[in-house]
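Here the structure is a predicted model, which means the values were calculated and not measured.
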Amino acid sequence: QVQLQESGGGLVQAGGSLRLSCSASTRTFATDVMGWFRQAPGKERDFVAAIHPNGRITYYGDFVKGRFTCSRDNAENTVYLQMNNLKPEDTAVYYCGSLDDGDYRRADDYDYWGQGTQVTVSS
C-alpha cells in the first residue's frame, strides 16, 4: 500500500542543522497526515512533528522549542523536517510515518513507517 524512505541524517556538531526527507511511494500521499518521531537507545518512540495533508497545519513536540520545521511537497510525495540549532539530546533514529485516521501524537496509530535515519549531534 505504501513504502516510506527517510534520508538526510548524519553527524553534526551542536548548533548545526540537518534537513531530513521522507519519500513515499503511495499514490495517496496527499490524503495522509505525515509524522516524524524519534527513538534514542533504550527510549520510547517520541513525537517530533506532524503535518496536515494539505500542508497548512503543523504540530510539534514540546522539546522542539521552535527549532524544527516540518513541510511537505505533495507533488513529489515527500515530507521534510528542517532541524536547526541541534542539541546532543536530539541524537536518535528519526522515523517518518503516515496516518490516515488517528492521533498524530501516538506512534501506535500510524499505519506505515520508514526504516529510520540516524541523527547524531556531538557536543
Side-chain angles (χ1 to χ4, degrees):
Q1 180 69 31
V2 64
Q3 185 173 2
L4 306 177
Q5 177 68 53
E6 301 95 338
S7 61
L11 173 63
V12 297
Q13 294 183 347
S17 298
L18 286 172
R19 191 191 194 202
L20 307 184
S21 299
C22 176
S23 177
S25 62
T26 177
R27 300 174 72 179
T28 59
F29 174 83
T31 69
D32 293 335
V33 169
M34 296 298 298
W36 288 97
F37 289 73
R38 70 187 189 186
Q39 190 165 22
K43 304 292 185 179
E44 65 184 356
R45 186 170 294 193
D46 290 330
F47 172 72
V48 176
I51 186 165
H52 191 272
N54 65 18
R56 298 191 183 103
I57 304 172
T58 52
Y59 309 91
Y60 298 98
D62 292 339
F63 64 87
V64 170
K65 301 174 183 176
R67 299 178 297 125
F68 295 0
T69 302
C70 186
S71 61
R72 67 193 295 162
D73 184 345
N74 287 349
E76 298 295 332
N77 281 16
T78 302
V79 62
Y80 304 95
L81 184 68
Q82 177 67 47
M83 305 188 295
N84 298 324
N85 192 23
L86 284 161
K87 306 174 184 295
E89 52 263 42
D90 295 319
T91 295
V93 177
Y94 283 70
Y95 299 89
C96 67
S98 62
L99 174 68
D100 62 5
D101 184 22
D103 185 349
Y104 61 84
R105 294 184 178 271
R106 293 182 56 87
D108 288 347
D109 283 1
Y110 281 70
D111 302 297
Y112 303 99
W113 294 97
Q115 85 292 340
T117 185
Q118 177 70 49
V119 171
T120 303
V121 185
S122 64
S123 59

Enquirer: Quick one: does T117's side chain have a donor or acceptor within less than 3.5 Å of a partner on G9's backbone?
Expert: yes

Enquirer: Pair V119, L20 - check side-chain contact (heavy atoms from CB on, under 4.5 Å), show working.
Expert: CA-CA 9 Å; V119 171; L20 307 184; 4.1 Å; yes

Enquirer: If hydrophobic clusters are built by linking Ile, Leu, Val, Met, Phe, Trp and Tyr wherever their side-chain heavy atoms come under 4.5 Å apart, do F29 and V33 end up in the same one?
Expert: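 No, F29 does not connect to V33 through the hydrophobic network.
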
Enquirer: List the steps and the verdict of side chain to side chain donor-acceptor pair (under 3.5 Å) for D111 and S98.
Expert: CA-CA 6 Å; D111 302 297; S98 62; 5.3 Å; no

Enquirer: For a side-chain contact (heavy atoms from CB on, under 4.5 Å) check, start with the C-alpha distance between Q82 and S71, then their side-chain angles and the critical distance, and finish with the verdict.
Expert: CA-CA 8 Å; Q82 177 67 47; S71 61; over 6 Å; no

Enquirer: Just wondering, more than 12 heavy atoms not from N54 lying within 6.0 Å of its CG?
Expert: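 Enclosed: over 12 neighbouring heavy atoms sit under 6.0 Å from CG of N54.
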
Enquirer: What distance separates N84 CG from R67 CZ, expressed to the nearest 0.5 Å?
Expert: 9.0 Å

Enquirer: Find out if a path of hydrophobic residues (ILVMFWY) with successive side-chain heavy-atom gaps under 4.5 Å connects V48 to V12.
Expert: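 The answer is yes; both residues are in one hydrophobic cluster.
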
Enquirer: Which heavy atom in P53 sits nearest to a heavy atom in A30, and how many Å separate them?
Expert: CB-O, 3.1 Å

Enquirer: Could you pull out the closest heavy-atom pair between V121 and D90, with the gap in Å?
Expert: CG2-CB, 4.3 Å

Enquirer: Would you mind reporting whether M83 and T69 have side-chain heavy atoms less than 4.5 Å apart?
Expert: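 With C-beta onward as the side chain, the pair stays apart.
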
Enquirer: For the CD atom of E76 and the OG atom of S21, what is their distance to the nearest 0.5 Å?
Expert: 11.5 Å

Enquirer: To the closest 0.5 Å, what do you measure between OH (Y110) and CG (L4)?
Expert: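 Here the rounded value is 11.5 Å.
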
Enquirer: Give a yes or no on whether the backbone of S23 and the side-chain of N77 come within a donor-acceptor separation of less than 3.5 Å.
Expert: no

Enquirer: Hydrophobic clusters here meaning ILVMFWY residues chained together by side-chain heavy-atom distances under 4.5 Å, can you tell me if M34 and Y80 are in one?
Expert: no

Enquirer: Rounded to the nearest 0.5 Å, how far apart are CZ of R19 and CG of L81?
Expert: 10.0 Å

Enquirer: Counting only heavy atoms from other residues, nucleotides and ligands, does the tally under 6.0 Å from CZ of R105 exceed 12?
Expert: yes

Enquirer: Would the distance check show the side chain of Y60 and the main-chain N or O of C70 forming a donor-acceptor pair, the cut-off being under 3.5 Å?
Expert: yes

Enquirer: Starting at CZ of R72, measure out to OG1 of T58 and round the result to the nearest 0.5 Å.
Expert: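 Spacing of CZ (R72) from OG1 (T58) equals 11.5 Å.
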
Enquirer: Please determine if R45 forms a cation-pi arrangement with Y95, meaning its NZ or CZ atom is less than 6.0 Å from the six-membered ring centre and no more than 45° off the ring axis.
Expert: yes

Enquirer: Compute the ring centroids of Y59 and Y104, then answer whether they are less than 6.0 Å apart.
Expert: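 They qualify: ring centres under 6.0 Å apart.
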
Enquirer: Would you find a donor on one side and an acceptor on the other, under 3.5 Å apart, between the side chain of E6 and the backbone of C22?
Expert: no

Enquirer: Is there a path from L18 to L11 through hydrophobic residues (I, L, V, M, F, W, Y) whose side chains come within less than 4.5 Å of each other?
Expert: no

Enquirer: Taking R56 for the side chain and I51 for the main chain, is one N or O donor matched with an acceptor at less than 3.5 Å?
Expert: no

Enquirer: Between Q115 and Q5, do the side chains contain a donor N or O and an acceptor N or O under 3.5 Å apart?
Expert: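 Q115 and Q5 do have a side-chain donor-acceptor pair below 3.5 Å.
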
Enquirer: Atom CD in Q3, atom OH in Y112: separation rounded to 0.5 Å?
Expert: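 Here the interatomic distance stands at 11.5 Å.
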
Enquirer: So if you build clusters from Ile, Leu, Val, Met, Phe, Trp, Tyr with side-chain heavy-atom gaps below 4.5 Å, do L99 and F47 land together?
Expert: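 Same cluster: L99 reaches F47 through Ile, Leu, Val, Met, Phe, Trp or Tyr contacts under 4.5 Å.
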
Enquirer: Within a strict 4.5 Å, meaning less than it, do heavy atoms of the E89 and T91 side chains meet?
Expert: no

Enquirer: How about F37 and W113: are their ring centroids closer than 6.0 Å?
Expert: yes

